[in-house]
Amino acid sequence: MAKQRIQAVRGMNDLLPEQTPAWQAVEALLRDLAQGYGYAEIRLPIVEKTELFRRSIGEVTDIVEKEMYTFEDRNGERLTLRPEGTAGCVRACIQHGLLHTPGRRLWYLGPMFRHERPQKGRYRQFHQFGVEAFGLPGPDIDAEQILMTARLWQRLGLEGLRLEINSLGSPEARRDYRRLLVDYLRGHYQRLDEDSRRRLETNPLRILDSKHPEVQEVVAGAPRLLDHLDAESRAHFETLLALLREAGVDYHVNPRLVRGLDYYTRTVFEWTTDRLGAQGTVCAGGRYDGLVAYLGGPPTPAVGFALGLERLLALLEASGRLPETEAPHAYLVLAGEGTDRAGLALAERLRSAVPGLRLVVNAGGGSFKAQFKRADRSGAAWAIVLGEGELASGTLGFKPLRGEGEQETLDEATLVARLHQVVHSGPA
RNA sequence: GUGGACGUAGCUCAGCUGGUAGAGCACAGGAUUGUGGCUCCUGCGGUCGUGGGUUCAAUUCCCAUCGUCCACCCCA
């Protein structure tokens, strides 16, 4: 180990070449999935004014209180690296008048930043795929988004994910319930831990979520939010559950599920797994009917979810479902006087003649032996050989590196035809 | 922010109660004068995270610091 070599910032990871193929495959699948449901991509800045997050996420949330990367730019303006995607998306929609068209469906993908202590499945820079739908008040769109995620698991070959779902009701119902809950918890004040006592003042609903055993016992006897929903939210929730049942999606109603961000109303849900240790939430979302108006836009109901890419990739790996890297179709071996130049030109002709061809040209010289070794390690299915003999006779060697078969001697036109077959017969 | 474990070659790791370092993989070359995958041989590669302390002597013991991992908290 060298001495004071500069290292990456804690919790911010490089994605190395052996990992990027899987990421690319997952990203392509997500793009495809979103488009398959009529969602359009929106690309948003990574930096926003601090005020946006303070207002949308909530002043007393952990994210705003202690996890944001906030700084002053040269004008003295307070800016923050986005800790999540919804706030910026809503801001952009308001700013550009996108919400005058009802039924906007949007998706985005990119890095988010939170200053937390890193651990498995939790990083300071992480990536989310997010989806938002605006102007649609009914449970049909909630269901659509949950079905979208269920389809994703299926397409990735993932099993065993658990859907937890709950309703937080209208802001009014939530406020009334909050009072009930605070009264109840005050009655058990002695049994609450320090954190929960503090939240009693700031955000009592989150006490429901506590992992503290003693607090959990207290919470078990608390009044249930689901029993105090307003009629409209109740109907919304019931319909959503019915839609899920009809679609064959299993769910677990979890009355203690409370999402961390303040802006949620009515539907909240999480997809969780027990295969990722403590950070088992792979995807989470819900409805936030009040946020758009709160941020100064036209009153607009909205639903969305976010999915953690690092967690999804980790789960794929744990499940043995990581997408494979796409090896080259062929490796061009070049040895002998004049074959470098001829080879480079040949490779260009082949790439033009065979769209989709993944062809690696040997660079840096080396003996036949060394070059075949590289060809093998590249994972290529075929070696194309251009040596002095081939150069003189205007032919090419074509040798299978994976299965059975002898090396053949072909002319260029025949080679092109063979490469077409290789490219179109799928992965070797 | 709190707690615990761990930092030895590019990677995965060994190194018993202190005597200045090893293996496998990878990489390069050879056995095979134009042909990989198996085998064998050779070679390259480390101021043992960093700084300080104890000691005749520290990779080994102590302290600090940085980093990694796991958990708490919280969340994707």
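FYI, side chains are in, hydrogens and waters are out, and symmetry mates aren't considered; it's all heavy atoms of this structure. Just so it is clear, the model here is predicted, and its values are computed rather than measured. Naming: A, B, ... by sequence-line order, numbering from 1 per chain.
The base of B:C73 is paired with the side chain of A:Gln119 by a donor and an acceptor separated by under 3.5 Å. You won't find any donor-acceptor pair under 3.5 Å spanning the side chain of A:Asp376 and the base of B:G37, going by distance alone. Side-chain atoms of A:Gln371 and base atoms of B:U35 include no donor and acceptor less than 3.5 Å apart. Side-chain to base pairing of A:Arg374 with B:C27: no donor and acceptor N or O lie closer than 3.5 Å to each other. Looking at A:Lys66, its side chain has no donor and acceptor atom pair within 3.5 Å of the base of B:G1.
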### Check against side chain to side chain donor-acceptor pair (under 3.5 Å), A:Arg287 and A:Thr265
CA-CA 5 Å; A:Arg287 182 164 276 281; A:Thr265 53; over 6 Å; no
Exercise for review: For side chain to side chain donor-acceptor pair (under 3.5 Å), just list the numbers for A:Glu132 and A:Tyr108, CA-CA rounded to whole Å, side-chain angles, deciding distance to a tenth of an Å, and then say yes or no.
Suggested key: CA-CA 9 Å; A:Glu132 318 285 355; A:Tyr108 51 82; 2.8 Å; yes
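B:G1 and B:U12 have their P atoms separated by 27 Å, given to the nearest Å. Spacing of C1' atoms, B:U32 relative to B:C13, comes out at 34 Å, to the nearest Å. Atom name P, nucleotides B:A14 and B:C61: the rounded distance is 14 Å, in whole Å. For the C1' atom pair drawn from B:U60 and B:U54, the interatomic distance equals 14 Å after rounding to whole Å. The P atoms of B:C25 and B:U65 are separated by 41 Å, rounded to the nearest whole Å. With both ends at atom P, the span from B:C66 to B:G15 equals 29 Å, rounded to whole Å. Atom C1' of B:G46 sits at a distance of 29 Å from the matching atom of B:U39, rounded to the whole Å. B:A76 and B:C38: their C1' atoms are spaced 46 Å apart (whole Å).
For A:Arg377, a side-chain nitrogen or oxygen approaches OP1 or OP2 of B:C27 to under 4.0 Å. For B:U68, one of the phosphate oxygens OP1 or OP2 lies less than 4.0 angstrom from a side-chain nitrogen or oxygen of A:Arg10. For B:G67, neither phosphate oxygen OP1 nor OP2 lies less than 4.0 angstrom from any side-chain nitrogen or oxygen of A:Gln7. Here A:Arg206 reaches the OP1 or OP2 of B:C75: one of its side-chain N or O atoms lies under 4.0 Å away.
In this structure, CG in A:Leu156 is found 9.5 Å from CG in A:Leu161, a value given to the nearest 0.5 Å.
Residue A:Lys399 has its side chain nearest to B:U35 when only B:U35, B:G37, B:G3 are considered. Checking B:C73, B:G30, B:G34 against every side-chain atom of A:Phe368, the shortest atom distance belongs to B:G34. Closest to the side chain of A:Arg117, out of B:C75, B:A31, B:G1, is B:G1. Comparing B:C73, B:A71, B:A31 by their closest approach to the side chain of A:Asp62 singles out B:C73. When each of B:A71, B:C75, B:G34 is scored by its nearest atom to the side-chain atoms of A:Gln279, the top-ranked nucleotide is B:C75. Picking from B:C72, B:C70, B:G36 the nucleotide with the shortest atom distance to the side chain of A:Lys373 gives B:G36. Residue A:Arg122 places its side chain closer to B:C72 than to any other of B:U35, B:U2, B:C72. For A:Gln407, counting side-chain heavy atoms from C-beta on, the closest listed nucleotide (B:G34, B:U2, B:U35) is B:U35.
Enclosure of atom CG in A:Asp183 by more than 12 non-hydrogen atoms of other residues, nucleotides or ligands within 6.0 angstrom is indicated. Around atom CZ of A:Arg197, more than 12 heavy atoms belonging to other residues, nucleotides or ligands sit under 6.0 Å away.
Contact detail for A:Leu98 and A:Arg104: the closest heavy-atom pair is O-NE, 2.9 Å. Residue A:Pro323 comes nearest to A:Ala22 through the heavy atom pair O-CB, 4.0 Å, listed as atom of the first residue, atom of the second, then distance. Summarising the geometry of A:Tyr288 relative to A:Tyr263, their closest heavy-atom pair is CB-O, 3.2 Å, with the distance given to 0.1 Å.
Of all nucleotides present, only B:G49 satisfies the Watson-Crick or G-U wobble test against B:U65, with each distance under 3.5 Å. When Watson-Crick and G-U wobble pairs are counted only if both distances are under 3.5 Å, B:U55 pairs with no nucleotide at all. Applying the Watson-Crick and G-U wobble criteria (two distances, each under 3.5 Å), B:C27 pairs with B:G43. Searching all strands for a Watson-Crick or G-U wobble partner of B:U35 with both distances below 3.5 Å returns nothing. Using the Watson-Crick or G-U wobble rule with both distances under 3.5 Å, B:C16 pairs with nothing in any strand shown.
A:His115 has its NE2 atom 18 Å from the C1' atom of B:A76, to the nearest Å. Taking atom NZ on A:Lys120 and atom P on B:C72, their separation rounds to 13 Å, with Å as the unit. Atom pair A:Met12:CE and B:G67:C1' shows a separation of 15 Å (rounding to whole Å applied). Atom-to-atom, CZ of A:Arg114 to P of B:C75 comes out at 8 Å; the value is rounded to the nearest Å. Note: CD (A:Glu270) to P (B:C75) measures 9 Å, nearest angstrom. Counting to the nearest Å, the C1' atom of B:C75 and the OH atom of A:Tyr264 are 11 Å from each other. Distance A:Glu388 CD to B:U33 C1': 13 Å, rounded to the nearest Å. For the pair A:Trp153 CH2 and B:A76 C1', the interatomic distance rounds to 10 Å; values are reported in whole Å.
Residue-level contact check: A:Ala284 touches the backbone only, with heavy atoms under 4.0 Å from sugar-phosphate atoms and none from bases. Across all strands, A:Val385 comes closer than 4.0 Å to base atoms (heavy-atom distances). At the heavy-atom level, A:Gly11 lies under 4.0 Å from the strands shown only through sugar-phosphate atoms. Using a 4.0 Å heavy-atom cutoff across all strands shown, A:Glu390 reaches at least one base atom of the nucleic acid. The residue A:Gly121 sits close to a base: some heavy atom pair falls under 4.0 Å.
Checked against a 6.0 Å centroid threshold, the rings of A:Tyr331 and A:Trp382 do not count as neighbours.
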